[in-house]
There are 2 protein chains.
Amino acid sequence: MTEQREPKVDRCRTIPEATVARLAVYLRALTALDEAGTHTVSSEELAAAAGVNSAKLRKDLSYLGSYGTRGVGYEVATLVGHISRALGLTHHRNVALVGVGNLGHALAGYAGFGTRGFRIVALFDADPARIGQRLHGLEVHGMNALAEVCQAEVVSIGVIATPAGAAQDVCDKLVAVGITSILNFAPIVLTVPGNVDVRKVDLAVELQILSFHEQRKAAGLEEVG
Amino acid sequence: MTEQREPKVDRCRTIPEATVARLAVYLRALTALDEAGTHTVSSEELAAAAGVNSAKLRKDLSYLGSYGTRGVGYEVATLVGHISRALGLTHHRNVALVGVGNLGHALAGYAGFGTRGFRIVALFDADPARIGQRLHGLEVHGMNALAEVCQAEVVSIGVIATPAGAAQDVCDKLVAVGITSILNFAPIVLTVPGNVDVRKVDLAVELQILSFHEQRKAAGLEEVG
DNA sequence: GCTTGTGAAACCGTTCACAGCG
DNA sequence: CGCTGTGAACGGTTTCACAAGC
């Protein structure tokens with residue numbers, strides 16, 4: 001057997017995937033603290049606000065560097081800066097949204113994006129009846145305008161809010177235009193080239209997971225009672 | 001605080017958390033296969049449809065029992081049945097939705113729930129202007145009707161689609177009414193008793209995770225080119 | 001032959017516990 | 001003294017590889 005030693009180019013910039021997801025949550029909590037006028041937090045306090053334990057929080061933050069003060073805690077503003085930089089949020093990112101139906105409509109109007117580093121700059125839909133409409137100050141384009149519009153506005157993330165049947169086709173088009181990050185709300189697994197990142201949100205899956213635990217709780221009670 | 005040390009009752013019915021999440025995805029893929037008229041799938045095929053590798057899929061299914069046929073594969077209908085049972089989806093579960101703003105509106109109209117084991121049976125909002133309105137055949141109730149309505153309809157899951165500021169209060173009210181499973185769309189960490197399960201969906205967090213990878217890709221290119 | 005089901009190994013993430021430092 | 005930062009231990013998850021069985 002050939003001893004395949006991993007190249008192990010472990011430059012200090014390696015942040016575990018699980019940590020990345022939590023950094024976003026810490027950022028949210030820190031922003032809230034900042035707005036409340038708090039200047040300093042201990043790992044214990046911030047961990048509570050983020051719903052994790054303090055050891056995990058400290059380890060997560062340690063991947064960014066040593067930005068705390070022993071015996072004191074972390075400066076809120078400093079952490080906000082470092083986490084923002086780590087997540088690539090130093091400048092706003094432009095988002096294109098495809099599918100302006102039920103859910104897409106709601107996403108287009110969601111104010112939370114703007115305050116957290118993102119701006120929806122373009123809307124698309126396949127339905128001729130919707131093309132040309134204006135939603136929250138943006139015109140709905142047809143899919144054939146995808147390339148043109150995405151290059152004019154510098155779009156870095158695509159959001160798919162179409163029915164399942166259209167999603168893979170839309171995805172292929174987004175990839176063809178050069179988009180390499182996709183957030184998918186359609187209940188289907190997308191196939192993409194290796195350089196493209198996809199994250200998915202499936203509401204029914206979330207409910208089904210809750211259903212599983214609900215059932216287990218019911219079974220447990222039955223046994224006891 | 002309430003340090004609940006689990007007694008570690010490892011009865012054979014223990015399905016790992018990571019597996020539960022994927023079972024829901026398998027179910028989605030199987031339903032699609034079923035509708036397409038497929039009767040039998042191999043682990044390889046189903047794994048591809050679910051976006052995982054086949055070894056993982058087989059191990060996941062093995063927690064439910066041995067329902068495949070060696071040399072052949074799995075019968076679609078059989079698997080659908082077993083996964084549905086495992087997830088507690090043999091009967092429809094009733095869902096209460098709190099917050100009928102932008103997002104809540106979209107969720108109330110999302111047809112995908114009905115076909116996948118759930119039914120939204122009650123809508124609530126704190127805004128007097130919205131109370132009494134009808135949405136997709138359901139009346140919007142005020143928060144003071146929560147107890148009454150949730151007990152009349154047997155609600156097993158609560159969905160919070162309110163602004164962040166209202167979410168913890170709404171959550172407390174749901175818990176008080178006896179709801180032990182909550183899906184939270186508000187960008188805040190909810191505090192709940194130990195017997196209550198919370199799952200959260202934060203759209204901005206998802207985008208920030210994509211942003212991280214997008215940045216890393218950009219950094220990588222810079223280095224090469 | 002082919003594909004499932006599964007121990008064992010490798011991997012990753014979390015928790016512990018304490019050294020290090022302000 | 002208090003809190004951060006971190007090696008080491010632990011537990012859960014994924015992958016490997018092959019025996020079992022149609």
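Every value quoted in this text rests on a predicted model; they were computed, and no experiment measured them. Numbered from 1 within each chain, the chains take letters A, B, ... in sequence-line order.
Per the geometry, CG belonging to B:Leu46 stands 15 Å off C1' belonging to C:dG5, to the nearest Å. Following rounding to the nearest Å, A:Glu44 (CD) and D:dT4 (P) show an atom-to-atom distance of 8 Å. Per the geometry, CG belonging to A:Asp60 stands 10 Å off C1' belonging to C:dT14, to the nearest Å. When the C1' atom of D:dG11 is taken as reference, atom CD of B:Glu17 falls 15 Å away, rounded to whole Å. Between the CD1 atom of B:Ile15 and the P atom of D:dT13 there is a distance of 12 Å, rounded to whole Å. Remark: P of C:dT4 and NE2 of B:His82 are 16 Å apart, rounded to the nearest angstrom. Here the P atom of nucleotide D:dT6 and the CG atom of A:Leu64 are 12 Å apart, to the nearest Å.
Using a distance-only test at 3.5 Å, with no hydrogens or angles considered, a donor-acceptor pair links the side chain of A:Ser84 to the main chain of A:Val80. Using modelled atom types, no side-chain atom of B:Gln215 and backbone atom of A:Leu89 make a donor-acceptor pair closer than 3.5 Å.
Of the inter-residue distances, the one linking A:Leu210 atom CG with B:Arg93 atom CZ reads 9.5 Å to the nearest 0.5 angstrom. Residue A:Ile182 holds its CD1 atom at 5.0 Å from CG of A:Leu174, rounded to the nearest 0.5 Å.
With a 6.0 Å radius and a threshold of 12 heavy atoms from other residues, nucleotides or ligands, A:His92 has its NE2 atom above the threshold. The environment of NZ in B:Lys200 is sparse: at most 12 heavy-atom neighbours from other residues, nucleotides or ligands sit within 6.0 Å.
Annotation: side chain of B:Met143 is in contact with side chain of B:Val98 (closest heavy-atom distance under 4.5 Å).
A salt bridge between B:Arg116 and A:Asp202 is present, with a side-chain N of the basic residue lying under 4.0 Å from a carboxylate O of the acidic one. A salt bridge does not link B:Lys56 to B:Asp60: none of the charged side-chain nitrogens sits closer than 4.0 Å to a carboxylate oxygen.
Remark: B:Ser43 is in phosphate contact with C:dT4, judged by side-chain N or O atoms under 4.0 Å from OP1 or OP2.
Within residues 50-59 of chain A, the residues approached by DNA chain D to less than 4.0 Å at the level of any non-hydrogen atom are A:Arg58, A:Lys59, in residue-number order. Residues from residues 67-76 of chain A placing a heavy atom under 4.0 Å of any atom in DNA chain C, listed by number, are A:Thr69, A:Arg70.
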